[in-house]
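Hydrogens, waters and symmetry mates are skipped; everything else that's a heavy atom, side chains included, is used. Both ligands and their constituent atoms are indexed starting at 1 by order of listing.
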Amino acid sequence: MFNQEYSMSRGKVIVTGGCGYIGSHTVVELIQNEFEVVVFDDLSNSKEFILDRIEEITSVKPLFEKVDLSNPIEADIVYKKHADAHSIINFAAFKAVGESVRKPILYYKNNLYTLINSIEAQKKYNIKNFIFSSSATVYGSPDILPITEKLQTKRAFSPYGNSKRIAEEILEDFAKAYSDFKTISLRYFNPIGAHESGLIGELPNGIPNNLLPYVTQCAAGVLKELQVFGDDYDTKDGTPIRDYIHVVDLAKAHVKAVERLVSGNMKDKYEVYNLGTGKGFTVLDIIKTFEKVTKRKINYKIAPRREGDVLALYASAEKAKNSLDWEAKLSLENMIETSWNWEKLYRGI
Ligand code: UFG
C-alpha cells in the first residue's frame, strides 16, 4: 500500500544517545525537518519517557532500540536492522568530566568502544554519513581567542575530553582510508537552555557538574548554595569566560550537517566545525542574568578554582556560518529562561 508518511521522509537517520540532552533536541529538529529517526540508547543516563515528550512536540514517536553500543554484538544487531539509514549522529557517550578523572577506563571503554563499533557497522552496512558530537575541550587552554578550527588541538585535561580528541583522530583516519564515507565532527562550546515547550531539557544524574543545571536547582531549592569556582582569573570580574549556546540552536546545526553530508557538496571527506555563538560570558554574568530574567536570587559563594578549568573559551563561529549556513540565533536571556522553565515544569513548581 502507498505509504504517504514514508514517501515524504528525507530518509532515515540513526541518533545514538537520542534520549539524552542534546540528542533529544536534535531528534525533534530532525523530525520537524522530515527525516525519519531511529534512536539507539542504553538509557544509562537518560529516560525513556523523553520519547513520549518528543512525540508530544512533533506528533511523531521516533523508532527506538535500547542497546549498549559499547558491546559489538549488540551494536551489530541494531545497525544491521537499520542499515537503510543514510546517516548516523553519534551522541552516545559518558560526559562527566570529574568522574572521568576518577574512572578513566570506564570512560575510554564506553566512549571509544561505542564509536568504533558504530563506524565498523557503518562501513559493514554502507551507511554513508557520520556526525560526531565533539567538544571545545579538544582545544585545551587556548592562547588565541576566538578559537578557530585551525587551532591545533591539545591533550585534554580529563579522560572525557581526551576521549573526544582521540575519537576525532580515529574518524579522520577512517575518512582517509575509506573514500565512500563522509564525516563531520561538531565541537560544542557550552550548551544550555531547553526546548521552548519545557517538555525536554537537561536531566543531570545526581548533583550537576555544569553551571546552569546547578543554578536552576539552587533556584528551585533542590540545592542550597552554588560555589563559584574561583574569582581570581584575569577577566573583568575574576570568573572564567565561556561561550554559552542554546541547545535548540545546537540541534539545528546537526540538521544542517546532515544536509551538507547528504548534498555531496563537502570540500573534504572529514570536516570539523565549532558550534558556539562567538560571545563570551563570565560565571557572574550568568548568575546576574539568571536573577534578572527569573526574579529569583541565587545563593552563591566564592570557592577555590576547580582543577582543569581554563580562563576563557569562545568560538569563532565563521566556518559554520559560511559552510553549514548556520549561526546561533537565540539570546542568553532565552537560554536561561527556557532552562528555568524546564526545571520548574519538571519539578512541578
Ligand atoms: N562553575 C562554577 N560552579 C559550578 C559549576 C561550574 O563556578 O558549580 C563554573 C566553572 O568553573 C566554569 C563555568 O562555570 O567557569 C562553566 O562550567 P561548566 O562545568 O558548566 O562547563 P565547562 O566549561 O567546564 O565544561 C563544558 C562541558 C564539557 C566540555 C567543556 C568544553 O561540560 O563537556 O565545556 O569547553 F568539555
Run through I336, D285, L211 and flag the one making a side chain to side chain contact (heavy atoms under 4.5 Å, CB included) with Y244. L211
Would the F181 and F174 ring centres measure less than 6.0 Å apart? yes
Evaluate L211 for polar contact with ligand 1, using N/O atom pairs at a separation under 3.5 Å. yes
What do you reckon, does V228 have a nitrogen or oxygen under 3.5 Å from a nitrogen or oxygen of ligand 1? no
Distance only, no hydrogens: is a donor on one side chain within 3.5 Å (strictly under) of an acceptor on the other, for R187 and S134? no
Q227 heavy atoms within 4.0 Å reach ligand 1 at atoms 2 (C), 3 (N), 4 (C), 7 (O), 8 (O)
Report, in ascending order of atom number, the atoms of ligand 1 lying under 4.0 Å from any heavy atom of P240. 15 (O)
What protein heavy atom lies closest to atom 30 (C) of ligand 1? Include the residue and the distance to one decimal. S135 OG, 4.0 Å
Closest protein heavy atom (residue, atom, distance) for atom 9 (C) of ligand 1: V283 CG2, 3.7 Å
Does ligand 1 come near enough to Y188 that some N or O of the ligand is less than 3.5 Å from an N or O of the residue? no
side-chain contact (heavy atoms from CB on, under 4.5 Å) between I241 and T282, worked out: CA-CA 4 Å; I241 294 170; T282 66; 3.8 Å; yes
Does Y270 have K182 sitting over its ring (NZ/CZ under 6.0 Å from centre, angle to axis within 45°)? no
May I ask you to identify, for Y160, whether its side chain, its backbone, both or neither come under 4.0 Å of ligand 1 on a heavy-atom basis? side chain
Using a 4.0 Å heavy-atom cut-off, say whether L212 meets ligand 1 through its side chain, its backbone, both or neither. neither
Among all protein heavy atoms, pick the one closest to atom 26 (C) of ligand 1 and tell me residue, atom and distance. N190 ND2, 3.6 Å
With heavy atoms only and a cut-off of under 4.0 Å, state how T137 meets ligand 1: side chain, backbone, both or neither. both
is_close_aromatic(Y188, H254), centroid dist under 6.0 Å: yes
Under the 6.0 Å and 45° cation-pi test, does R242 pair with F189? no
Taking CZ in F157 as the centre, count heavy atoms belonging to other residues, nucleotides or ligands within less than 6.0 Å. Is the count above 12? yes
N210 to ligand 1: N or O pair under 3.5 Å? yes
Record the part of T239 in heavy-atom contact with ligand 1 below 4.0 Å; permitted values are side chain, backbone, both and neither. neither
Indicate whether any N or O donor in one side chain lies under 3.5 Å from an N or O acceptor in the other, for K297 and N299. no
Taking both backbone and side-chain atoms of D309, is any N or O found less than 3.5 Å from an N or O belonging to ligand 1? yes
F94 vs Y107, ring pair (Phe, Tyr, Trp, His ring centres under 6.0 Å): CA-CA, chis, key distance, verdict: CA-CA 6 Å; F94 291 161; Y107 271 68; 5.5 Å; yes
Within ligand 1, which atoms have a heavy atom of N209 less than 4.0 Å away? 5 (C), 19 (O)
Taking the ring of F40 and the ring of H82, is the distance between their centroids below 6.0 Å? yes
Using a strict 4.0 Å cut-off to heavy atoms of Y244, name the atoms of ligand 1 that fall inside it. 13 (C), 16 (C)
Judging by distance only, is a nitrogen or oxygen of R306 under 3.5 angstrom from one on ligand 1? yes
Could you please spell out the steps behind the side-chain contact (heavy atoms from CB on, under 4.5 Å) verdict for D249 and K329? CA-CA 7 Å; D249 274 333; K329 297 218 163 79; 4.0 Å; yes
For atom 7 (O) of ligand 1, grab the closest protein heavy atom and report residue, atom and distance to one decimal in Å. F229 N, 2.9 Å
Should the proximity of L313 to ligand 1, defined as any heavy atom under 4.0 Å, be assigned to the side chain, the backbone, both, or neither? side chain
